[in-house]
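Below is one structure, written out as structure tokens, with a few remarks after it.
Below, chain A is the first sequence line, B the second, and so on; all start at residue 1. Worth knowing before you read on, the calculation uses all heavy atoms, side chains too, and leaves out hydrogens, waters and symmetry mates.
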2 protein chains.
Amino acid sequence: MDYKIKSRIWIESENNVLLGEGRVQLLKAINETGSLSKAAKSIHISYKKAWGLLDSINKSAKKPVTINSIGGKGGGGAELTDYGKALILAFDDINKNCWKFLDKQLEKIENL
Amino acid sequence: MDYKIKSRIWIESENNVLLGEGRVQLLKAINETGSLSKAAKSIHISYKKAWGLLDSINKSAKKPVTINSIGGKGGGGAELTDYGKALILAFDDINKNCWKFLDKQLEKIENL
DNA sequence: ATTCGTTATATATATACAAACATAACGAAA
DNA sequence: TTTCGTTATGTTTGTATATATATAACGAAT
């Protein structure tokens, strides 16, 4: 019966999206699987979409977020840089703080 | 060169959306024009979409947000209730506070 | 009664986006 | 030099959403 408040946050650089919830989810999956194609499967999006997202992330970021390799042992792979790992931690932290903040603000509407 | 943080917030009641930025924009336009059809035109959405949004708002809200009348002088119209007016003020307030909050949080990413 | 602009609603068309499919390039290892 | 699973990319297909169009119901004013 009560209202709930929800939010989505994202980070841009020069009109390009750097990070959002979906992109962070993808980066986490890359970190766990070591490969972009496996990561895409694990979060149920097409490889093409995953590739586009990762390409956009790396083009928007100040420093590389992943290192991708083609061919070789295992066919290649993708892994997060230290900067990439730090980014997802910071994003999650900000997101959680935002939820807490908004839950408090919601009282303004519930008291109307 | 710097990152920017953006957000969208919305309020739900029992899995139905009550308010979001688009819905608030529509309510403001209704308040200014006194009619749903004029409001739709003024914010460049189809009447059907506007009607669906307003219907959803009134179904989700605890109290009526608008009073709609069919026929009569001028063909009818729609106007906000006091509750509706209070809602859009509260929403805008929360939204602005959220922006300020997030701008501070962004430093966590800029310092990486 | 007729007129008028509105709310309310259904149906068909168009558009944007996601998924599916196909294929080339790659490079270490066998 | 052949194999392998991957990254990288284009093209086609499908689906969900928005738009466009059409029409009925309404009720105060003339």
Side-chain angles (χ1 to χ4, degrees), chain A residues 6 8 10 12 15-17 19-61 64-81 84, chain B residues 6 8 10 12 15-61 63-81 84:
Chain A
K6 306 210 171 179
R8 304 217 81 160
W10 67 96
E12 295 186 0
N15 297 327
N16 295 318
V17 176
L19 283 185
E21 288 187 18
R23 288 164 192 240
V24 166
Q25 194 184 10
L26 175 63
L27 292 180
K28 285 178 181 172
I30 290 173
N31 200 33
E32 288 162 6
T33 62
S35 130
L36 179 55
S37 64
K38 284 180 190 149
K41 270 182 198 139
S42 78
I43 61 174
H44 306 107
I45 64 175
S46 66
Y47 174 81
K48 174 155 193 166
K49 177 168 183 183
W51 183 86
L53 288 173
L54 183 56
D55 186 55
S56 168
I57 292 169
N58 278 316
K59 278 181 179 155
S60 310
V65 173
T66 65
I67 304 288
N68 307 333
S69 58
I70 312 174
K73 174 189 169 193
E79 58 180 359
L80 296 195
T81 62
Chain B
K6 305 210 169 178
R8 305 216 81 160
W10 67 97
E12 295 186 1
N15 296 327
N16 296 320
V17 175
L18 168 68
L19 283 185
E21 289 187 17
R23 288 163 192 241
V24 165
Q25 194 184 11
L26 175 63
L27 292 179
K28 286 178 181 173
I30 291 172
N31 200 34
E32 288 162 8
T33 62
S35 131
L36 180 55
S37 63
K38 283 179 190 149
K41 268 181 199 141
S42 79
I43 62 174
H44 307 107
I45 63 174
S46 65
Y47 173 82
K48 171 155 191 159
K49 178 168 182 182
W51 183 87
L53 288 173
L54 183 56
D55 185 56
S56 167
I57 291 169
N58 279 315
K59 278 181 180 156
S60 310
K63 307 183 205 171
V65 173
T66 65
I67 304 288
N68 308 333
S69 59
I70 312 174
K73 173 188 169 194
E79 58 180 359
L80 296 195
T81 62

Nearest-Å distance, NZ (A:K49) to P (C:dA16)?
->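 My rounded result for the distance is 17 Å.
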Separation of atom CG in B:N58 from atom P in C:dT7, rounded to whole Å =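 In whole Å, C:dT7 P and B:N58 CG are 13 Å from each other.
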For A:G72 and for B:I70, find the nucleotide of DNA chain C with the closest heavy atom, then tell me which residue's nucleotide is more 5'.
->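 Taking each residue's closest nucleotide, the earlier one in sequence belongs to B:I70.
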Would you kindly compare A:G74 and B:G74 by the position of their nearest DNA chain C nucleotide and give the one closer to the 5′ end?
->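 It is B:G74 whose nearest nucleotide is closer to the 5' end.
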Check every nucleotide of DNA chain D for an atom under 4.0 Å from a heavy-atom of chain A, then give the first and the last such nucleotide from 5' to 3'.
->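 Contact span on the strand: D:dG5 to D:dT11.
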Modelled atom types, side-chain donor and acceptor of B:S35 and B:S37, under 3.5 Å |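 Yes.
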Can you name the nearest heavy-atom pair linking [X] to [Y], along with the distance?
X: A:I43; Y: A:A29; result: CG2-CB, 4.0 Å
X: A:V17; Y: A:S56; result: O-OG, 3.5 Å
X: B:S60; Y: B:N16; result: OG-CB, 3.4 Å
X: B:L18; Y: B:R23; result: O-CD, 3.5 Å
X: A:A40; Y: A:Y47; result: CB-CA, 4.0 Å

Pairing residues for B:N31 by the side-chain contact (heavy atoms from CB on, under 4.5 Å) criterion, not counting sequence neighbours |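 side-chain contact (heavy atoms from CB on, under 4.5 Å) list for B:N31, sorted by chain: B:L80, B:K85.
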To the nearest 0.5 Å, how far apart are CD1 in B:I30 and CG in B:L53?
->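 So the gap between those two atoms works out to 9.5 Å.
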Output the distance between atom CD (A:Q25) and atom CG (A:L19), rounded to the nearest 0.5 Å.
->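 A:Q25 CD to A:L19 CG: 13.0 Å, rounded to 0.5 Å.
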Nucleic acid contacts - residues 26-38 of chain B versus DNA chain C, non-hydrogen atoms under 4.0 Å |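 DNA chain C contact set from residues 26-38 of chain B: B:S35, B:L36, B:S37, B:K38.
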From CA spacing to verdict: side-chain contact (heavy atoms from CB on, under 4.5 Å), A:L36, A:L26 = CA-CA 9 Å; A:L36 179 55; A:L26 175 63; 4.2 Å; yes
Would you tabulate the pairs of protein nitrogen or oxygen atoms and nucleotide nitrogen or oxygen atoms of nucleotides 21-24 of chain C closer than 3.5 angstrom?
none

For B:W51 and C:dA8, is the shortest distance between a side-chain N/O and OP1 or OP2 below 4.0 Å?
->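 For B:W51, the contact criterion (side-chain N or O under 4.0 Å from OP1 or OP2 of C:dA8) is met.
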Sorted by first residue and then second, give each side-chain hydrogen bond (donor to acceptor under 3.5 Å, both in side chains) pair with at least one member in residues 68-77 of chain B; sequence neighbours left out.
->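 Found B:T66-B:N68.
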Strand DNA chain C in bracket notation, Watson-Crick/G-U under 3.5 Å with | for pairs to another chain | ||||||||||||||||||||||||||||||
